[in-house]
Amino acid sequence: MQIATWNVNSLTVRLPQVLDWLAAHPVDVLALQELKLTDDKFPLAALQAAGYHAAVFGQKTYNGVALLARSPLRDVVRNIPGFDDEQARVIAATIDTPGGALRLVNGYFVNGQAPGSDKFAYKLRWLAALHDWLRTELAQHPRLVLLGDFNVAPEDRDSYDPEGLRGTIHHTPEERAHFQSLLALGMADAYRLFEQPEKSYSWWDYRMLGFQKNRGLRIDHILLSDALRGHASACTIDRAPRKNPQPSDHAPVVVTLAE
DNA sequence: ATGACGGTGTGGCACCGA
C-alpha cells in the first residue's frame with residue numbers, strides 16, 4: 001500500500017492538480033495540509049467520485065488538514081487533545097488494512113517565523129504537546145504513521161544552504177531536537193530508510209526561481225512506527241507537480257508499505 | 001537588511017507562509 005502527504009497551499013486552487021495526481025498515483029492514503037478552506041467548502045463529492053473517503057478539519061484562510069483514504073476512516077481526532085489551539089493543524093484517524101489497523105496522524109506543524117518570536121514559542125509548545133500526545137497514541141496504536149508538513153529540516157543535508165541558514169527557522173537546534181524526540185518515541189524517518197539522491201527537497205520558495213535552482217528544504221516527512229518500518233519498501237518525493245502551472249510550493253512525499 | 005511569489009480577505013493593500 002502507498003501513503004502520501006502533500007501540502008497543497010489552498011485546496012480550492014489545487015483541487016484539479018490533486019485529482020490529476022490521484023488519477024496517476026492511486027495511493028491508499030493522502031494526507032493534505034494548508035487547505036485554507038472551511039469544512040463546508042471541502043470538495044467532498046469530487047474526492048468521493050475519485051474513490052476516496054475523507055476526514056476533514058478545515059479553517060478559513062490559514063491551516064486546515066484532511067485525510068483521504070480508499071477505505072473508511074474511523075476514530076477521528078482533531079488537533080492535539082488537551083492542547084488548546086485556535087488553529088486547525090492536526091487530524092488523526094484509523095483505517096483497517098490486511099495487516100491490521102493503521103493509525104494515521106496528519107500534521108501541519110507550526111511555521112514559527114523566526115527564533116525568539118511569539119510564533120516560535122508557540123511552535124515549541126506545539127511540538128512538545130504533539131510529542132506527549134504521540135507517546136499515548138503509539139501505546140494504543142503500535143502501527144502508526146505520523147506525516148505532514150513538519151516545517152523542520154532535520155539535518156544539514158535537508159537544506160540547500162545549511163551554513164548560510166544555520167540557526168534560522170526550520171534549522172534551529174530546538175526544532176531539530178524536537179524532531180529527534182519524535183523519532184525517540186520509536187519512529188523512523190521513512191525517507192532516510194532508503195538511499196536517496198543528494199539535495200533532495202520537498203519545498204522550494206516561489207520566489208527567486210527557487211525550484212529551478214533547487215534551492216529547497218526537506219520539511220515534509222513520513223515517520224513510521226517501529227512496528228511498520230520493516231514493511232517499508234520505498235519512499236520518494238514526487239517533484240513533478242512542482243513543475244505544473246500554478247503549483248503548490250510543496251511536493252508530495254510517498255511511502256510504499258509491503259503488505 | 002530587504003524583497004522576490006502566491007493565496008486570502010473585503011482590498012485599493014496587508015498579512016502570512018517558509
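Throughout, a chain's letter reflects where its sequence line sits, starting with A, and its residues are numbered from 1.
- Atom CZ in A/Arg242 sits roughly 10 Å away from atom C1' in B/dG6 (whole-Å rounding).
- Put simply, the side chain of A/Asn7 gets close to the backbone of A/Asn9: a donor and an acceptor are under 3.5 Å apart.
- A salt bridge between A/Arg192 and A/Asp158 is present, with a side-chain N of the basic residue lying under 4.0 Å from a carboxylate O of the acidic one.
- By the 6.0 Å contact criterion, CG on A/Asp40 is enclosed, its count of non-hydrogen atoms from other residues, nucleotides or ligands being greater than 12.
- Nucleotides B/dG6 and B/dT2 are separated by 23 Å at their P atoms, to the nearest Å.
- Look at the P atom in both B/dA4 and B/dA14: the space between them is 12 Å, to the nearest Å.
- Counting non-hydrogen atoms under 4.0 angstrom, A/Arg215 reaches nothing in the nucleic acid.
- Annotation: B/dT8 and B/dA18 have their P atoms spaced 14 Å apart (nearest Å).
- Electrostatic pairing of A/Arg157 and A/Glu198 does not count as a salt bridge here, judged by no charged N lying under 4.0 Å from a carboxylate O.
- Of the candidates A/His170, A/His171, A/His221, A/His178, A/His221 is the only one forming a side chain to side chain contact (heavy atoms under 4.5 Å, CB included) with A/Pro154.
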**Asked** How does protein reach along nucleotides 8-18 of chain B, written 5' to 3' as B (base within reach of a heavy atom under 4.0 Å), S (only sugar-phosphate), or - (no contact)?
**Response** SS-----BSBB
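- The separation between A/Leu209 atom CG and B/dG3 atom P is 19 Å, rounded to whole Å.
- Rounded to a whole angstrom, the distance from the P atom of B/dC15 to that of B/dT10 is 14 Å.
- Straight-line distance between the P atoms of B/dA1 and B/dC13: roughly 28 Å, to the nearest whole Å.
- Below 30°, between 30° and 60°, or above 60°: for A/Trp203 and A/His250 the angle between ring planes is between 30° and 60°, a tilted geometry.
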